[in-house]
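Read the structure below first, then the notes.
Every chain is numbered from 1 and lettered A, B, ... according to where its sequence line falls, protein lines coming before strand lines. What you are looking at is a predicted structure, and each value in this text was computed from that prediction instead of being measured. Heavy atoms only: backbone and side chains are in, while hydrogens, waters and symmetry mates are out.
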Amino acid sequence: MKAKAGSRAGGSRLAVKKSKADKDPNKPKRPPSAFFVFMDTFRKEYREKHPDVKLASVIGKAGGEKWKSLSDAEKAPYNAKAEKLKAEYTKKINAYNNPQAGEASGDSDKSKSEVNDEDDGSEGDA
DNA sequence: CTTGTGATTGTTCCC
DNA sequence: GGGAACAATCACAAG
C-alpha cells in the first residue's frame, strides 16, 4: 500500500508541493539516502545492461529488489556516504531553524560539534 | 510548454 | 515515539 498517508501528524510541514521551483531557498534539500546513493550508480549500470529501459520507475523497482539483495557490507559504503551527508545536512537544517543560534549574547562556546576533521583518507579520490 | 506522476527505499524533521 | 513528507530520476500524459 503506498497509502503513505494523507495527512501528516505534524503541522508545520503542511506546506504542500506548490511548485517544484518554489522551495524555500533557506531550506536545504535532504541528503540522498543510502538507497539513492546506490541507485545513482545502479542507474548507470542498469542503463548499460538495459539500454531499452529508460523509465526511472522501472529502474527504481529493479534497484529496490537488488538493494534488498545487497549485504550490509555492500551497503556499507552507501551507508557511510549517507551518514556523512546526514551530518552535513544536520548542520544546514540547524542554521535553517536557528540562523543566529548562539549569536544572541554572551554565548561563548558550548557546542563543540565541529566535526570537520576530514582525515579519512579513504576518500582518496583526490 | 509546463507540470505532475509513477516507483524504489531511506532519511530526516518537528511536535 | 510517531507519523508524514520528501530526496533523484526520467519517460510519458494531459491540458
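- Rounded to an integer number of Å, the gap from NZ of A:Lys66 to P of B:dG10 is 15 Å.
- A:Glu65 has its CD atom 11 Å from the C1' atom of B:dA7, to the nearest Å.
- Of the side-chain N and O atoms in A:Asn79, one or more sit less than 4.0 angstrom from OP1 or OP2 of B:dT11.
- When atom types are taken as modelled, the side chain of A:Glu74 and the backbone of A:Ser71 share a donor-acceptor pair closer than 3.5 angstrom.
- Enclosure of atom NZ in A:Lys75 by more than 12 non-hydrogen atoms of other residues, nucleotides or ligands within 6.0 angstrom is indicated.
- Just one of A:Trp67, A:Phe35, A:Phe42 meets the side chain to side chain contact (heavy atoms under 4.5 Å, CB included) condition when paired with A:Tyr78; it is A:Trp67.
- Of the residues in residues 31-48 of chain A, those with a non-hydrogen atom less than 4.0 angstrom from any atom of DNA chain C are A:Phe36, A:Arg43, A:Arg47.
- For A:Lys29, no side-chain nitrogen or oxygen approaches OP1 or OP2 of C:dC6 to under 4.0 Å.
- In this structure, A:Arg30 atom CZ and C:dT9 atom P are separated by 14 Å, rounded to whole Å.
- Between A:Met39 atom CE and A:Tyr46 atom OH the span is 11.0 Å, to the nearest 0.5 Å.
- Atoms CD and CG, from A:Glu83 and A:Leu85 in turn, are 10.0 Å apart once rounded to the nearest 0.5 Å.
- Scanning residues 51-61 of chain A for heavy-atom distances under 4.0 Å to DNA chain B yields A:Ser57, A:Gly60, A:Lys61.
- For the atom pair A:Glu45 CD and A:His50 NE2, the distance stands at 10.5 Å (nearest 0.5 Å).
- Under the side-chain contact (heavy atoms from CB on, under 4.5 Å) criterion, A:Phe36 pairs with A:Pro32, A:Ser33, not counting sequence neighbours.
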